[in-house]
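For reference, the structure is listed below as structure tokens.
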Amino acid sequence: MALTRPPTALSGDLSPRSSGTVFESAEPPAAASGGEPPEDPPSAPKAAKPPRKRRGLLIGALAVVVVVALGATAVFTIEPVGRVFGIGPSAVPTEPAPDPIDPDFALIPVDHVSAGPTEAGLASALQPSVTAAEVGTLHAVIVDPGTGQSLWGNEADVPATPASTTKILTSAAALLTFPADHTFTTTVVAGPTPGSVILVGGGDPSLTAVPEGTDTLYASNPARISDLAAQVRENAGDIAITEVLVDASRYTGQAIADGWDASDAPSSYGGFIEPLMLDGGRSDPLNDLSQRVGDPALEAGNALAAELGATSVSAVDEAGSPADGEVLGEISSLPLVDLIEAMMLLSDNVAAEMLAREVAIERGAEPSFAGGAASIIEVLGENGFDISQLELSDASGLSNQNLITPNLLGDVLSLAAHPADESDTAVSQQLRPMLTGLAVAGASGKLTDRYPAGASAGRGWVRAKTGSLTAVNGLAGVVTDRDGKLMAFALLSSGTNATVARPALDEVTSALRECGCR
């Protein structure tokens, strides 16, 4: 393998996979002491839901932001069906059920034309929430996507630790490098001896061995090892496959990034970054909180071997696969926009690092932590963003050495949410698909358990990417105010723990939702 691993051996079989198709539920492990916490760790383990399948590319920021906001508000403010209609195991009806509700949905347009909030109005409306002790030290900006102008800021030009809001920049760099429908290919080629094949990683974090018909954390129809195996059997003809070699030489460099703790990989939230893995390297493909495996490429090789009936699985040498090897099978990943959406909603550190390495390869740079980080910075600079104070050691935000200004995050989000009108630019059009990767407050992704019903004005209206490290919390996204004015925001706080900081940041964005602020 080209990956440089730590000298400490990893013990134990971390995978519940027994035959490549049978899976057992794995309990999420406790966070290792000394490491950075996982992105938004839950209070108790629970089954993770896969993100909704995309329903086509985002055509304009207006439609997606408004429709999701209105839809989420309508759904999440209605009383639970059982309580309304008196159904359920403990309910005894005392009168006839009322007629079914016939909701009257309306589409309220986002207002990109009016001046919107003033700086003084915003300062007055936000003062109670941004000065709350729970927020800690706050670096923040609010931007008008219609004009690109800052509406309000606090230390907005001062770099701060971004945690997983770093993934906004990673998504932007990928969308500015590849077409939205770009895919990554996993290949099987003929091996050096009869009966041997080589499984070659191509950068797909969503490749899976779960049975057909089972949705994964990434999608309902990802690339599957079983389909790859079927191609190999057909193309190999009468030759029985007895050996699977694994080629993970596509990526290079150190096993963990500068600013990571030794316990961060493998963990329930981080892993070794290889170009070949199943379900982001999770030991339980259907549990987002499950431990990442110690050798993801070999795990993928084991799954292919199980499908083909091969008895031997090993890594190829440093030279990698033969350049002229006969292709016996190949399978494409989900489109880039789907990978980005899932990566953002899951806050998937491994997938983010893989995307950065693919950007680096496309640019002719080293496919490592350093090469990926440098490539993100270069892509953003080439597309007009101010990178003068940007420092990255990784692409996921797990590193505590990353430094990003709120202004940069706000500029990226503002361009992504720019109206699709005569002033629209190619950069805005390329960035726009990332908006569907922003979680909906109280409804999806890492915001599912935030913005409580009946107590938060931002519920259903705020869309944002979260960020969390020890004493660092972030929230960056978009929201419409009461007058329909769309705003992009980036809030980076430090000095307080997640238990108090997250609700405090939610209050800031809820204040934006309630604002008219003139």
Side-chain angles (χ1 to χ4, degrees), residues 40 51-52 58 60-79 103-114 116-117 121-122 125-126 128-130 132 135 140-146 151-152 165 168 341 344-345 409-410 413-414 416-419 432 434-467 473-491 502-518:
D40 290 351
R52 287 193 310 162
L58 179 60
L62 305 182
V64 168
V65 172
V66 176
V67 169
V68 175
L70 290 174
T73 301
V75 171
F76 293 101
T77 57
I78 294 175
E79 287 288 306
D104 182 17
F105 294 103
L107 183 64
I108 302 173
V110 170
D111 184 358
H112 280 298
V113 179
S114 68
L122 278 172
L126 294 177
S129 56
V130 298
V135 172
V141 72
I142 300 168
V143 184
D144 179 356
L151 299 173
W152 177 89
T165 61
I168 292 172
E341 181 178 279
M344 293 272 278
L345 288 173
L409 289 172
L413 289 166
S414 175
H418 187 277
R432 200 159 286 141
M434 81 159 61
L435 294 177
T436 64
L438 300 176
V440 178
S444 67
K446 297 298 182 179
L447 293 182
T448 301
D449 298 326
R450 292 169 63 167
Y451 296 83
S456 178
R459 185 178 178 87
W461 293 93
V462 173
R463 295 201 67 157
K465 179 70 197 79
T466 57
N473 290 276
L475 197 62
V478 295
V479 62
T480 53
D481 70 9
R482 289 292 181 184
D483 295 331
K485 185 67 176 180
L486 179 67
M487 293 175 283
F489 62 86
L491 312 174
R502 292 172 188 164
L505 293 179
D506 298 349
E507 283 298 311
V508 175
T509 54
S510 291
L512 287 175
R513 165 59 193 159
E514 291 182 304
C515 194
C517 302
R518 291 188 175 85

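Owing to the predicted nature of the structure, the values given are computational and were not obtained by experimental measurement.
- Taking every heavy atom of both residues into account, His418 and Arg432 meet most closely at O-NH2, 2.8 Å.
- Between Leu126 atom CG and Ile142 atom CD1 the span is 4.5 Å, to the nearest 0.5 Å.
- Shortest non-hydrogen contact noted between Gly516 and Asp483 is CA-OD2, 3.7 Å.
- Put simply, the side chain of Leu475 reaches to within 4.5 Å of the side chain of Asp506, judged on heavy atoms.
- Of the possible donor and acceptor atoms, one in the side chain of Arg513 sits under 3.5 Å from a partner among the backbone N and O of Asp481.
- For Ser444, there are no side chain to side chain donor-acceptor pair (under 3.5 Å) partners two or more places apart in sequence or in a different chain.
- Each of Leu447, Leu409, Ile168 was scored for a side-chain contact (heavy atoms from CB on, under 4.5 Å) with Lys465, with one residue passing: Ile168.
- Here CH2 of Trp461 is found 7.5 Å from CZ of Arg482. Values are rounded to the nearest 0.5 Å.
- Residues passing the side chain to side chain contact (heavy atoms under 4.5 Å, CB included) test with Pro128: none are found, sequence neighbours excluded.
- The nearest pair of heavy atoms linking Ala441 to Gly458 is CB-O, 3.5 Å.
- Contact check for Pro117 versus Met487: side-chain heavy atoms found under the 4.5 Å cut-off.
- Within the 4.5 Å cutoff, no side-chain heavy atoms of Leu512 are placed close to those of Trp152.
- The CG atom of Leu435 sits 7.5 Å away from atom CG of Leu413, with the distance rounded to the nearest 0.5 Å.
- Between Val508 and Phe489 the shortest side-chain heavy-atom distance does not fall below 4.5 Å.
- Here the shortest heavy-atom pairing between Arg502 and Arg450 reads O-NH2, 3.4 Å.
- Shortest non-hydrogen contact noted between Pro145 and Ala417 is CB-O, 3.7 Å.
- Of all heavy-atom pairs between Ala476 and Ala490, the closest is CB-CA, 4.0 Å.
- Between the side chain of Arg459 and the backbone N or O of Ser510 there is no donor-acceptor pair closer than 3.5 Å.
- Checking each of Val143, Val141, Leu122 against Leu151 for a side-chain contact (heavy atoms from CB on, under 4.5 Å) leaves exactly one that passes, namely Leu122.
- The distance from atom OG1 of Thr165 to atom CG of Leu491, rounded to the nearest 0.5 Å, is 10.0 Å.
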